[in-house]
Amino acid sequence: MTGALPAVAAAIIVQDRKLLLVQRRVPEGSLSWQFPAGAVEPGETFEQAAVRETAEEAGLTVQVVKVLGERVHPNTARLMGYVACDVISGEAYVADADELADIVWATPDKFVDYVPYGFAPAVQDYLTTKVG
């Protein structure tokens, strides 16, 4: 972990060739749109945190496909774990209105509109295989 800040787990969820992104109510630096994500709680794995955060933020029940990788985020300096997940049930909506302003299923041609600085290389590689 970096400093006193807890690690963050991000859920990478693709459905029907679209990527789930959520918009933070309060941006963290240049970070406004992101994956469903949140702090890893004590005793939790990246996988467990990604599943929990997706339910809390977007109202979806997901299952872990695989961990894509880890890195220190260049904009937030937080240790990130990227977890590919598939939707088991639910319809995505803003379940945590205190933290989120909006939610979108983004098509590949719109990724750069939401996340202009790009994705972590391991995430980009996964998205290339899932959405083209």
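Note that the coordinates shown come from a computational prediction; the quantities given were computed from them, not determined experimentally. In what follows, every heavy atom counts, from backbone to side chain, and hydrogens, waters and symmetry copies are set aside.
Counting all heavy atoms, side chain and backbone alike, Gly59 lies closest to Tyr93 at CA-CE2, 3.6 Å. Annotation for Arg17 and Pro108: closest pair O-CD, 3.6 Å, computed over non-hydrogen atoms. For the pair Leu21 and Ala106, the tightest heavy-atom approach, listed with the atom from each and the gap, is CD1-CB, 4.0 Å. In plain terms, the two heavy atoms of Val62 and Val87 that are nearest each other are CG1-CA, 4.1 Å. Taking every heavy atom of both residues into account, Ala49 and Ala39 meet most closely at CB-O, 4.4 Å. The minimum heavy-atom distance linking Ala97 with Arg25 is given by the pair O-NE, 2.7 Å.
Asp125 CG to Leu127 CG: the interatomic distance, rounded to the nearest 0.5 Å, is 9.0 Å. Atom CG of residue Leu79 and atom NE2 of residue His73 lie 11.5 Å apart, to the nearest 0.5 angstrom. Put simply, CD on Gln34 and CG on Leu100 are 7.5 Å apart, with the number rounded to the nearest 0.5 Å. Going from atom CZ of Arg52 over to atom CD of Glu57 covers 9.0 Å, rounded to the nearest 0.5 Å. For the atom pair Asp86 CG and Ile12 CD1, the distance stands at 12.5 Å (nearest 0.5 Å).
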**OP:** For the pair Val22 and Asp96, evaluate side chain to side chain contact (heavy atoms under 4.5 Å, CB included) and give the outcome as yes or no after the intermediate values.
**Re:** CA-CA 10 Å; Val22 298; Asp96 185 347; over 6 Å; no

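For residues 97-111, every residue pair satisfying the side chain to side chain donor-acceptor pair (under 3.5 Å) rule, not counting sequence neighbours, is listed here: Thr107-Asp109.
Between Leu20 and Leu60, the closest side-chain pair of non-hydrogen atoms falls below 4.5 Å. The shortest side-chain heavy-atom distance between Cys85 and Glu47 does not fall under the 4.5 Å cut-off. With contacts defined as side-chain heavy-atom distances shorter than 4.5 Å, the pair Tyr114/Leu19 does not qualify. Inter-residue side-chain proximity for Val40 and Phe46 is flagged as met; some heavy-atom pair is nearer than 4.5 Å.
Val8 and Val26 are not part of a single hydrophobic cluster, where members link through side-chain heavy atoms under 4.5 Å apart. Clustering ILVMFWY residues whenever any of their side-chain heavy atoms sit less than 4.5 angstrom apart, transitively, puts Tyr117 in the very cluster that holds Val123. Put simply, Val65 and Val131 are part of two different groups of oily side chains (I, L, V, M, F, W, Y) that touch within less than 4.5 Å, one to the next.
Taking the six-membered ring for Trp, Phe111 and Phe119 have ring centres closer than 6.0 Å.
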